[in-house]
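In what follows, chains carry the letters A, B, and so on, assigned in the order in which the sequence lines appear, proteins first and then strands, with residues in each chain numbered from 1.
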There are 2 protein chains.
Amino acid sequence: MQAQKTRKLAVDAMRPVHRNSLSDEIVDQITGLISRGLLKPGDRLPSEKDLCLRFGVGRTTIREALRSLAVMGILDGRVGEGTFVSVDSRKYLEKALQWGLLIDRKSVNDLIETRLMLESQTACAAASRATDADLDEIADALAGMERSLDRPEEYLEHDLRFHLAIARATQNPILFNLLTMTRGYLQTWIGESLAKPSPRKMRVRAESSVWEHEKVLQALRKRKPDEARQAMTEHILSSSLDFQAQVEANPRA
Amino acid sequence: MQAQKTRKLAVDAMRPVHRNSLSDEIVDQITGLISRGLLKPGDRLPSEKDLCLRFGVGRTTIREALRSLAVMGILDGRVGEGTFVSVDSRKYLEKALQWGLLIDRKSVNDLIETRLMLESQTACAAASRATDADLDEIADALAGMERSLDRPEEYLEHDLRFHLAIARATQNPILFNLLTMTRGYLQTWIGESLAKPSPRKMRVRAESSVWEHEKVLQALRKRKPDEARQAMTEHILSSSLDFQAQVEANPRA
DNA sequence: TTTGACTGAATGTCAGACAACCTGATCCAT
DNA sequence: ATGGATCAGGTTGTCTGACATTCAGTCAAA
């Protein structure tokens with residue numbers, strides 16, 4: 001019993017050992033160089049062959065390390081030129097969030113809800129922060145929509161531009177990125193479902209949609225956050241209803 | 001002038017074209033499989049040699065793709081066994097801790113803002129959708145916080161559990177995932193900065209924090225979405241202010 | 001039942017090669 | 001001299017074959 005107790009404790013004290021791969025080691029070294037300022041954004045790294053010699057490993061290993069950093073947006077490799085430290089290492093966060101969006105199963109309803117939250121909030125934030133240039137861009141997109149009421153694919157393009165311009169106006173790249181992604185996912189569905197119905201109904205829908213967008217823009221111009229959020233929420237809800245009705249009518253995987 | 005205008009428009013319509021590398025294509029395909037549920041956490045992928053045949057590319061390319069996914073914690077390669085879909089998609093948090101030093105202050109602010117939006121909205125949605133089990137879990141986390149007012153790291157753990165339980169109560173996996181990630185990144189900072197101040201101040205802060213959380217829970221129990229959002233917004237704002245004050249006081253590279 | 005050795009398979013790493021591409025210099029025709 | 005075509009060298013992307021390291025499973029011996 002005493003022996004058992006002792007053995008049990010000894011076993012509990014043992015931790016699984018983890019052997020670091022060579023490429024991970026190199027990743028650590030490079031991130032170290034960057035965070036210590038020895039490698040600054042925009043700097044060019046030595047060529048892969050050169051790095052092989054310096055680190056004393058094969059090219060495969062170097063490439064795996066560089067790939068890891070590139071995936072996170074810390075490095076940026078260009079064919080024929082070399083590998084560079086990304087100008088803004090902030091990209092790392094956005095990339096990571098994007099991956100987070102990628103992995104879980106996306107149901108259309110969840111996406112719509114997420115988009116609703118993001119868009120209404122970005123509209124709110126944009127109302128107090130948008131520069132004049134931002135407002136011009138937004139207005140220009142809206143004008144484009146009005147111009148292309150009868151050409152669905154062109155209309156959608158300006159529609160997308162409208163929403164992204166608002167996201168950009170928040171001056172928050174993370175929000176902009178999240179919205180870009182959710183919107184990107186939905187865009188394919190939207191395109192499919194809007195092409196289906198009769199041109200007449202489509203035209204009617206587009207006209208009321210333009211009106212909704214206009215209300216959003218007016219709220220932004222007046223710098224009224226709550227009003228902007230309200231207008232955007234209404235727009236998303238109404239377009240979502242419309243969109244879901246299409247999905248119901250044309251059920252697809 | 002007319003010609004210039006035309007050229008300007010044409011130029012604006014041109015987007016930088018980026019050549020998709022083979023490995024990126026494979027990354028897309030695999031993430032697609034995962035997000036469509038054809039590959040579930042814990043599943044084992046075919047061996048690299050096998051994947052070479054299926055995708056019709058060399059092993060280098062396969063390995064670069066797998067490496068990308070492994071870096072983000074989506075896949076997990078084990079020597080001699082194979083490559084598996086990660087069970088715990090939270091592994092990026094470890095990586096975040098590792099590379100988190102690269103993130104600057106503006107990014108932190110952006111992240112806080114994003115979190116504010118997400119949390120207030122999830123609280124709102126949770127109020128109308130939370131099951132009794134969800135509410136129990138939330139209440140349990142809160143009880144844990146009260147129990148560990150003097151043990152910061154344990155307190156933080158329950159704090160995190162509280163917020164994630166609310167996110168889960170929305171029944172929207174996308175929101176849950178986004179919140180998990182944003183919260184995860186901030187957690188490292190929060191942990192760092194909260195360990196610093198005097199235990200007395202810490203205790204005061206924790207007590208008022210518990211009170212804020214309680215208000216959120218009450219609103220959820222009453223099924224009042226707006227009240228829940230309001231309470232959560234206030235909580236995040238107050239804790240963010242507190243947190244940023246810490247950051248200002250301890251400026252780090 | 002436990003231990004040890006063996007086998008087959010999978011990942012990690014290496015080396016060499018070629019393709020695609022970019023930069024910069026050179027050369028030629030105008 | 002200027003503008004355009006061409007060439008050389010370097011760099012990343014990809015392929016191939018090979019070897020090392022590690023693991024799961026099997027089976028026989030203690």
Should A:D134 and A:R129 be marked as a salt bridge (charged side-chain N to carboxylate O under 4.0 Å, His left out) after you check the CA-CA gap, both sets of side-chain angles, and the distance that decides it? CA-CA 9 Å; A:D134 288 328; A:R129 291 184 214 160; over 6 Å; no

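- The ring pair (Phe, Tyr, Trp, His ring centres under 6.0 Å) search around A:F162 returns A:H213, not counting sequence neighbours.
- Side-chain polar atoms of B:T180 and B:N177 form no donor-acceptor pair below 3.5 angstrom.
- Nearest to the side chain of A:L22, among C:dC14, D:dG13, C:dG12, sits C:dC14.
- Nearest to the side-chain atoms of B:R44 among the listed nucleotides D:dC15, D:dT12, C:dA10 stands C:dA10.
- Across the protein-nucleic acid pair, B:D50 atom CG and C:dA9 atom P stand 12 Å apart, rounded to whole Å.
- Rounded to an integer number of Å, the gap from CZ of B:R63 to C1' of C:dT13 is 8 Å.
- The distance from atom CG of B:L51 to atom C1' of D:dT16 is 17 Å, rounded to the nearest whole Å.
- In this structure, A:T83 does not reach the D:dT11 phosphate: none of its side-chain N or O atoms is under 4.0 Å from OP1 or OP2.
- Side-chain atoms of B:E81 lie closest to D:dC23 of the nucleotides C:dT13, D:dT14, D:dC23.
- In this structure, the CZ atom of A:R59 is 7 Å from the P atom of D:dT12, given to the nearest Å.
- Both A:S23 and B:G82 lie near DNA chain C, and the one whose nearest nucleotide falls closer to the 5' end is B:G82.
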Verdict with reasoning, B:E119 to B:L179, per side-chain contact (heavy atoms from CB on, under 4.5 Å): CA-CA 7 Å; B:E119 294 243 28; B:L179 204 53; 3.6 Å; yes

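- Nearest to the side-chain atoms of A:E48 among the listed nucleotides D:dT14, D:dG13, C:dC14 stands D:dG13.
- Straight-line distance from the CG atom of A:L75 to the P atom of D:dG13: 11 Å, rounded to whole Å.
- When the C1' atom of C:dG12 is taken as reference, atom CD1 of A:I62 falls 14 Å away, rounded to whole Å.
- A straight line from CG of B:D76 to P of C:dT11 spans 12 Å, rounded to a whole angstrom.
- Within 3.5 Å, no donor on the side chain of A:R78 pairs with an acceptor on the base of D:dG13, nor the reverse.
- Across D:dT11, D:dT14, C:dG12, the shortest atom-to-atom separation from the side chain of A:S47 is found for D:dT11.
- Summary of the strand contacts: B:T60 and B:L45 both lie near DNA chain C, and taking for each the nucleotide with the nearest heavy atom, the more 5' one is attributed to B:L45.
- Summarising the geometry, the separation between CG on A:L69 and P on D:dT12 is reported as 14 Å, rounded to the nearest angstrom.
- In this structure a side-chain-to-backbone donor-acceptor pair under 3.5 Å is missing from B:S148 to B:R151.
- Within 4.0 Å of A:G80, counting heavy atoms only, lies at least one base atom of the nucleic acid.
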